[in-house]
Amino acid sequence: MAHSDSAGVVRGQLDQFTRDHNFSALRTTHAPHWVSSQNYRCTSDILWSCLLTMTACIYTALHLNIASGNAKKRSIFDKFKVKWVITALFAPELVLYLACSQYLEASRAKPTKSLSSSGVLALAKLDEFIYISRETIQDKSKADAVQKALVVIQVT
């Protein structure tokens with residue numbers, strides 16, 4: 001019986017709060033499901049903005065495996081990466097599962113040796129430094145033309 005009394009007390013407090021703060025508009029006003037464009041942002045503008053933002057974020061966050069030396073060079077508009085973006089938009093759990101499984105597999109792999117900055121300088125002094133072309137460095141760049149275009153479209 002005490003339970004129903006406490007529920008009545010809470011209901012009374014909520015009723016008093018709504019009377020004091022005039023929340024009657026929230027009970028009587030119904031928001032439309034779809035808003036057409038007039039002098040403010042319409043529903044389709046908001047949806048397109050969200051879709052473009054999600055696409056840009058996913059495209060930037062995806063780090064696909066580096067192609068082997070004998071594979072043909074990827075173009076600016078990489079069809080393979082676009083397929084992964086679409087997959088991540090509609091089935092993000094699949095992408096997360098695959099990323100986690102690759103991470104676990106990589107963590108179980110044999111540890112590799114790293115080269116410190118002082119080691120690189122020592123190799124350079126001995127003329128044992130490996131030449132890396134500018135094209136190779138640019139090929140590994142994380143910011144490509146598609147990412148930059150998505151950012152420009154989103155900002156404007």
Side-chain angles (χ1 to χ4, degrees), residues 2-109 111-112 114-117 120 132-156:
H3 177 65
S4 63
D5 291 337
S6 62
V9 170
V10 171
R11 249 188 248 110
Q13 289 174 345
L14 284 173
D15 289 341
Q16 179 65 36
F17 181 79
T18 55
R19 268 185 260 121
D20 292 345
H21 293 87
N22 191 17
F23 285 116
S24 61
L26 293 176
R27 292 191 179 128
T28 59
T29 305
H30 297 285
H33 298 288
W34 188 267
V35 177
S36 60
S37 181
Q38 293 170 358
N39 294 333
Y40 47 88
R41 287 181 73 188
C42 66
T43 306
S44 63
D45 289 343
I46 295 170
L47 290 175
W48 279 113
S49 177
C50 291
L51 184 65
L52 187 63
T53 302
M54 286 176 52
T55 302
C57 290
I58 292 169
Y59 191 89
T60 304
L62 278 177
H63 298 291
L64 302 176
N65 296 340
I66 297 173
S68 62
N70 59 359
K72 64 180 182 176
K73 188 176 176 175
R74 293 183 173 164
S75 65
I76 291 175
F77 190 68
D78 188 0
K79 293 176 186 173
F80 187 68
K81 193 165 185 177
V82 170
K83 289 177 185 176
W84 275 106
V85 169
I86 293 169
T87 303
L89 279 172
F90 293 106
E93 303 86 6
L94 176 66
V95 177
L96 179 65
Y97 170 76
L98 292 172
C100 289
S101 66
Q102 286 182 355
Y103 176 79
L104 290 173
E105 186 178 331
S107 65
R108 287 188 219 117
T112 59
S114 61
L115 187 60
S116 67
S117 57
V120 171
I132 301 173
S133 69
R134 185 173 191 85
E135 292 80 26
T136 303
I137 294 171
Q138 289 296 331
D139 182 50
K140 306 302 181 243
S141 174
K142 297 290 183 212
D144 63 1
V146 174
Q147 290 170 328
K148 292 174 186 175
L150 285 171
V151 169
V152 168
I153 291 170
Q154 179 63 29
V155 171
T156 55

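Index from 1, following the sequence.
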Applying the side-chain contact (heavy atoms from CB on, under 4.5 Å) test to Thr55, which of Val85, Thr60, Val82 qualifies?
Val85
Lys81: which of Ile86, Leu62, Ile58 passes side-chain contact (heavy atoms from CB on, under 4.5 Å)
Leu62
List for me each residue that meets side-chain hydrogen bond (donor to acceptor under 3.5 Å, both in side chains) alongside Ser107, sequence neighbours excluded, and say none if there are none.
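Not a single residue meets the side-chain hydrogen bond (donor to acceptor under 3.5 Å, both in side chains) criterion with Ser107.
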Under 3.5 Å, which donor-acceptor pairs link side chains of residues 87-98 to any protein atom two or more places apart or in another chain?
{"unit_1": "Thr87", "atom_1": "OG1", "unit_2": "Lys83", "atom_2": "O", "d": "2.8"}

Residues two or more places apart in sequence or in another chain: which of them pass side-chain contact (heavy atoms from CB on, under 4.5 Å) with Cys57?
Thr53
Straight-line distance of Leu47 CG to Cys42 SG, nearest 0.5 Å
8.5 Å
